[in-house]
Amino acid sequence: MDLLVLLLLCTAPLIRGYRSGLVIDSCEDMTSHYSGLSAQTAPSPFTVTTEQRRYRLGEDVKVELQGPASTPFTGFLLEAIEVGSETPVGSFAIPAGAAKLLSCNQRPNSAVSHTSGFNSSYIQVTWRSEPSRDIKTVQFRASFVQNSTTFWVNVTSPVLTFTNGRAARSAGSLTGNGSTQLAPLVKSARSISSANCGVTKVCFSHPASCDPAVSSSCYFMSAMMSSNGTAVQYEMTGPYEGYIAFGFSDDQRMGNDDIYVCVTDSSGQAVVQHMYSTGRTTPQARPLGNVYNVTTSLQNNVISCSFTTTDIISIQGTSGFSQSYYFMFVHGRSSNGQIQKHSADFVSTTKMDISTPVVVSNSGFPDIIKAHGSLMLIAWMTTGSLGMMVARYLKKMAKGTRMCDKDLWFVVHVGVMCMTVAATIIAFILVFSHARDWSGGAHPVLGCLVMILSFFQPIVAMLRCGPQHHLRYLFNTSHFLNAVIIKSLAVAAIFTGLGLIDSSDGWLMKVMGGFLAWEALFYIMLEIHNGRNKHTDSATVELESELVKIDGLLIGLFFLGNICFLVALLVGIGER
């Protein structure tokens, strides 16, 4: 028994692994006390940096420990010392759950170390000089542990010099027991990319498989589980509109969703928020919880946030990292940090487990939205155009031919315009039955104006006065102007609608631009041809018939191209 006690006493220093971060006996020499191991002599891949080179009394200084993204460190010890001395100075504050505060040389909170399970290539902490004593030149030094046999000691930062003055205390406050109340720390976000998607992290993007490092119009989020399964690193980025957000849900509809939001606050700084959605109302704010290593960026009209959290996903009836959820991604406008109704959303096709690296497929836009867009496109780029051209250019075609006691051109005009109005009404009902709410942006405003004006256009036409009435010109003028206004608003609504579902290369918008240019070209040609006809004072029957045939030929050629553009756009919408 005595021999066993002696062996335990002799081998005790050999089995201290410091997984918990309690490395107080390393404070003086910054050396990991593993038996038989020596620190690396090659330059450290890890660095210690500060955001400034000077400090004032009581000022907070952000200190960053970082390394290559492909080479995380599993342990660290950080101190601030007076240059030329081994004495620690000042005190540290840390984001909750990210690290541990230590007392070196009996000075509370004078050092920072890792927690159990730490594995990251970046952490930021805050150092605060003492209000009255630390009038000296300061340098930060750290030791980094890459694995059980590889570590570096005395990695130092640039020197921090004292300048006269006193700084106001920031939002964090240190407590006597070593705990910290500190707002999440942020830095400029590093480039987020699709590298290692499906290998080490789960990725979800729109358009599908886009790379945010290449395309600024890529909406992207990823989740990477830590090696011990206790924390997840999330990333999200996308074009800046006000905010972007991703969430986890038990179904493919809004409500009962665990959400993280990347939004600009009242100062214009991108911040991370945690929310919970209960339905079609504004999500409820939740405490951010155990979130650390927060990085944010708002550059070149792209907003990005990444962070690590130990908080599990929690929705009604389901919780935990290892459960399966639908992925949701939304974006929209915000005001002073308050998110507004999202302008678009993307939902995964199936439930996914974030602990299993995979590239999540996007379910695309609901079929009801595609039907809405297709009907509006057919109504105002094909049938509406046909009705307007027949009334303006083909009144003399099939002259004398009547149907239902009306001229043939009039019957065709009324028929196709009734189809146009019917398609508009159906499309309007479809989109509102799906949304059940008013969404932001110009598209719904333009759509409502088109719906209102096109609804009253045939009603006013039925109440028109007779052809010989002295006020008939008022109806003709108003009917024509209203048709032009509706057509213009409809085209604008189509462009704004396609912009909401278009891919990063803008293919739909380009085709729509060609579609509009094709129509404008033939309107110009028909107007020129019509103008020449009016200046022909004594046109024979044969000449008049020839001119009508030319009009008919131009309109026929126009609709040949029109159908080609229409089919291309309908196929493009169907693939979204």
Side-chain angles (χ1 to χ4, degrees), residues 16-53 55 61-90 92 94-95 98-102 104 110-127 137-161 185 187-191 195-196 200 224 226-227 231 233 292-293 295 306 308:
R16 293 157 62 197
Y18 303 138
R19 290 174 61 89
S20 65
L22 296 176
V23 290
I24 296 175
D25 55 354
S26 296
C27 286
E28 291 187 5
D29 57 9
M30 302 296 289
T31 302
S32 178
H33 292 168
Y34 290 107
S35 177
L37 297 179
S38 300
Q40 302 297 305
T41 56
S44 169
F46 311 110
T47 60
V48 183
T49 58
T50 60
E51 295 182 345
Q52 58 203 68
R53 293 293 181 266
Y55 76 97
V61 177
K62 300 293 190 299
V63 186
E64 298 174 337
L65 280 66
Q66 57 188 322
S70 59
T71 311
F73 49 95
T74 59
F76 68 92
L77 175 64
L78 173 67
E79 287 182 335
I81 60 170
E82 180 182 357
V83 174
S85 171
E86 297 295 319
T87 304
V89 293
F92 288 93
I94 57 175
K100 285 188 177 181
L101 295 171
L102 304 177
C104 286
S110 58
V112 185
S113 182
H114 58 277
T115 56
S116 179
F118 181 87
N119 184 18
S120 178
S121 58
Y122 175 82
I123 187 172
Q124 183 187 77
V125 300
T126 298
W127 176 80
T137 303
V138 173
Q139 190 173 42
F140 297 94
R141 65 177 182 176
S143 294
F144 293 94
V145 177
Q146 183 176 339
N147 53 48
S148 59
T149 60
T150 307
F151 61 94
W152 288 262
V153 299
N154 280 320
V155 180
T156 57
S157 72
V159 171
L160 201 65
T161 57
L185 305 174
K187 67 182 285 292
S188 294
R190 302 176 197 171
S191 176
N196 295 320
T200 61
M224 183 171 66
S226 64
S227 57
Q233 180 184 6
Y292 55 97
N293 289 359
T295 68
S306 65
T308 302

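Exactly one of V112, L78, V89 qualifies for a side-chain contact (heavy atoms from CB on, under 4.5 Å) with W127. That residue is V89.
Closest of all the heavy-atom pairs between L77 and S113 is CD1-CB, 4.3 Å. Closest approach of A231 to T308, counting heavy atoms only: CB-CG2, 4.0 Å. Heavy-atom minimum distance, W152 versus P45: CZ2-CD, 3.5 Å. Nearest heavy atoms, E79 versus C104: OE2-SG, 3.4 Å. Shown here for F76 and A99, the closest heavy-atom pair between the two residues is CZ-CB, 3.9 Å.
In this structure, the separation between OG1 on T126 and CZ on F92 is 9.5 Å, given to the nearest 0.5 Å. The distance from atom OG of S121 to atom CG of N293, rounded to the nearest 0.5 Å, is 8.0 Å. Taken to the nearest 0.5 Å, the CZ atom of R141 stands 4.5 Å off from the CD atom of E86. Note: T137 OG1 to Y55 OH = 7.0 Å, rounded to the nearest 0.5 Å. In this structure, CD1 in I81 is found 12.0 Å from OG in S110, a value given to the nearest 0.5 Å. Atom CZ of F144 and atom OG1 of T74 lie 11.5 Å apart (nearest 0.5 Å).
Donor-acceptor pairing under 3.5 Å is recorded for the side chains of T87 and S85.
Between L160 and Q139, the closest side-chain pair of non-hydrogen atoms is not below 4.5 Å. The shortest distance between side-chain heavy atoms of S226 and N119 does not fall below 4.5 Å.
Below 30°, between 30° and 60°, or above 60°: for F118 and F73 the angle between ring planes is between 30° and 60°, a tilted geometry.
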